[in-house]
Each structure stands twice: as structure tokens, then as C-alpha cells.
Amino acid sequence: MNATAVAVALCLASSAAYAAAAVAQERLARAGEARSTSALLRSGRWWSSAGLNAAAALLHAAALRYGPLTLVQPLGALTLVAAVPLGARRAGRRVAAAEWRGTLATVAGLGLLLLPASGPAPHATLDLAEALALSGATAAAIGVLTARRDVRSGLRHATASGLASAAASALTQTVAVAAAGRGGSPAAGTVAAVAGLVAVFAVGGMLLSQRAYRGGLGAPLAVVNLANPLAAAAIGAVLLGERLQGGPAGLLLAAAGAAAAARGVLLLTRSAPGVQHATRANGPGRDGGSQPAAGTAVSGVAA
């Protein structure tokens with residue numbers, strides 16, 4: 001099995017674990033157990049979802065050892081696809097036709113996107129200055145996005161979660177490549193510092209996505225799944241020298257795949273039963289977002 005196949009297999013396993021974690025977190029959001037960080041820390045169900053997220057993150061880190069960011073991050077959108085049947089089963093309903101159409105569009109788009117993204121196992125790593133610069137820029141962007149709390153704060157928190165997860169993945173790639181003995185073997189101190197930054201952004205991304213769920217799930221989860229790979233692709237291109245394969249034809253395939261995947265995500269978002277109704281019926285929550293109704297079903301997941 002070549003490196004690309006290994007990376008894809010690990011991404012599939014990671015997506016399944018993230019989907020299961022998202023369903024658990026969605027139940028917390030509906031039950032009102034996610035109103036504060038202290039409330040989450042007292043919840044056994046939240047710790048279970050955190051364990052699933054940790055397992056998914058480890059699988060994701062392993063995938064980054066074998067595949068570049070431009071390959072691994074788009075596959076994170078499969079988490080949204082995996083969450084559809086899981087969420088429907090938990091809600092005691094069948095998957096709607098629109099959800100199946102969204103699933104097929106997402107899978108087709110990812111297939112097109114993966115053709116030019118597939119490449120050799122990564123060798124580039126971030127040095128300490130680059131890691132600190134990336135971390136500082138990401139933290140600043142997150143601060144701007146989460147500074148205000150109003151009816152649209154859920155989408156901003158979701159965008160911030162996607163940025164945090166993308167930064168964590170880029171930093172994780174440095175640790176994974178160093179562990180494999182590639183990339184010029186960064187100093188042990190650099191690897192340890194980068195690993196610490198990974199933990200900060202991974203936990204921060206999970207908490208930001210949980211916060212975004214307060215205003216409903218469909219739109220915030222879709223935003224996470226779009227912001228994450230876009231930010232990771234930019235980081236990979238600017239800092240890690242990753243490029244799409246195939247020249248202009250590869251760029252056209254990637255653009256077509258991204259458009260199809262975005263269309264699929266939108267279909268999945270709009271077909272989420274009860275999300276829009278809950279937003280209108282419950283009105284602004286304590287943070288300025290809306291509280292989802294008890295019947296809201298999940299059709300996505302944090303990356």
C-alpha cells in the first residue's frame with residue numbers, strides 16, 4: 001500500500017471518529033450542558049466526546065505523516081458525510097433524499113479534489129520562527145472572529161474553529177514528519193515546542209466548535225468543514241511548499257471539486273431537520289446565539 005492510500009485510510013477512520021464525537025457534542029448542545037467551559041468539564045458525556053476527538057486527532061496526525069495537507073485536509077469533509085446517517089439514527093428518522101444528494105455531491109467533489117492533491121509523502125517542516133508566526137497570526141484571527149457576541153457569533157466561532165484546526169494540522173505535520181526522520185530532522189526542542197502548540201490549537205478548535213453549536217448545528221458545521229481545508233491549503237502552499245499536481249488541468253479539477261463539495265455541504269446544511277425552525281423559534285440565547293430545539297438533528301461535524 002502506497003503512502004497516499006495509507007493517508008486516505010487513516011483519514012476515513014479519523015472522519016468516523018470525529019462524526020461520532022460530533023453526535024455526542026450535538027446532544028450536549030441540545031441538553032443545555034455546553035453553556036460554559038466549567039459545565040463541560042463536569043460532564044461525563046463531554047469527556048467521552050473529547051476522548052473520541054482525541055482518537056480522531058491521533059488518526060489525523062498519523063495521516064499527516066503519509067500525506068500532504070492538500071490531500072489530508074479536504075478528506076476531513078467526509079466527517080460531515082459520516083455524521084449524516086449517525087445523526088439520523090440517533091434522531092430516530094430516515095436520511096432525507098436531500099441529505100443523500102448532498103452526500104453524493106460532497107463525495108464526488110472530494111474525488112475530483114483528491115486527484116490533483118495526491119502527492120508524495122511530505123518532507124517539509126516548519127522551523128520554530130514559522131511555527132510561532134503561524135500560531136500568532138491564527139490566534140489574532142481567532143481573537144478578531146470571537147470578539148463580538150451577536151446572532152451570527154456561531155458562524156464566526158465555527159470559522160475560528162476551522163482556522164484553529166488547520167493550524168493544528170500544519171503544526172502536526174511538522175511533528176509527524178520529524179518523527180518519521182524526514183524533513184531535515186528539526187531540533188528536539190523545536191519539535192517539543194511545536195507539539196505544545198498543536199495541543200493548544202487542537203483543544204481550542206474543539207471548544208470553539210462546541211461554542212458554535214449553541215446557535216444551531218447545520219450552518220456552523222458546514223463552515224468548519226469549509227474553513228479548515230481552505231486555510232490548510234493556504235498554509236501548505238505558503239509555508240510548506242505544497243502544490244497541486246497536474247498544472248492548469250489540476251487547478252481546474254480542484255476548482256470543480258471544491259465547487260461540487262461546497263454544493264454538497266450546502267445541501268446537507270439546508271436539509272438538516274429542525275435547525276432553521278429551532279433558530280426562529282427559540283430566538284437569541286444567552287450568548288446572542290440561538291438554542292437548538294430538542295428535536296434538532298445533526299448533519300455535520302467539527303474537523
Side-chain angles (χ1 to χ4, degrees), residues 1-11 13-15 17-18 21 50-76 117-143 160-209 227-243 302-303:
M1 186 179 291
N2 62 29
T4 296
V6 172
V8 170
L10 289 168
C11 284
S14 175
S15 295
Y18 273 131
L52 285 169
N53 267 306
L58 289 174
L59 289 166
H60 185 80
L64 287 167
R65 179 174 178 175
Y66 296 99
L69 276 174
T70 49
L71 169 70
V72 172
Q73 292 305 105
L75 281 169
S118 301
H123 288 76
T125 59
L126 299 173
D127 59 31
L128 185 58
E130 290 172 330
L132 292 175
L134 172 61
S135 300
T138 303
I142 290 172
S161 175
L163 294 180
S165 297
S169 294
L171 294 165
T172 297
Q173 181 167 301
T174 289
V175 177
V177 170
R182 304 190 301 266
S185 299
T190 296
V191 174
V194 172
L197 292 172
V198 169
V200 170
F201 282 111
V203 173
M206 182 176 66
L207 293 176
L208 286 166
S209 65
N228 189 335
L230 289 175
I235 294 169
V238 173
L239 294 179
L240 297 171
E242 295 181 358
R243 297 290 184 270

Of all heavy-atom pairs between [X] and [Y], which one has the smallest distance, and what is that distance?
| X | Y | answer |
| --- | --- | --- |
| Ala202 | Ala168 | N-CB, 4.0 Å |
| Ala56 | Ser14 | O-OG, 2.9 Å |
| Gly67 | Gln173 | O-OE1, 3.9 Å |
| Val194 | Ala131 | CG2-CB, 3.9 Å |
| Ala193 | Leu128 | CB-CD1, 4.0 Å |
| Ala170 | Leu134 | CB-CD2, 4.0 Å |

Side chain proximity check, Ser135 to Leu171, heavy atoms < 4.5 angstrom: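 Yes, close enough: below the 4.5 Å cut-off.
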Heavy-atom side-chain proximity of Tyr18 to Asn53 below 4.5 angstrom: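 Of all side-chain heavy-atom pairs linking Asn53 with Tyr18, at least one is under 4.5 Å.
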Spacing of Phe201 atom CZ and Ile142 atom CD1 [to the nearest 0.5 Å]: 5.5 Å
CG-CG distance between Leu10 and Leu58, expressed to the nearest 0.5 angstrom: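 Atom-to-atom, Leu10:CG and Leu58:CG are 11.0 Å apart.
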Single hit among Val198, Thr190, Leu126, Leu239 for side chain to side chain contact (heavy atoms under 4.5 Å, CB included) with Thr174: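 Per the side chain to side chain contact (heavy atoms under 4.5 Å, CB included) rule, the option paired with Thr174 is Leu126, out of Val198, Thr190, Leu126, Leu239.
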Short side-chain to backbone donor-acceptor contact, Ser209 and Met206, under 3.5 Å: yes
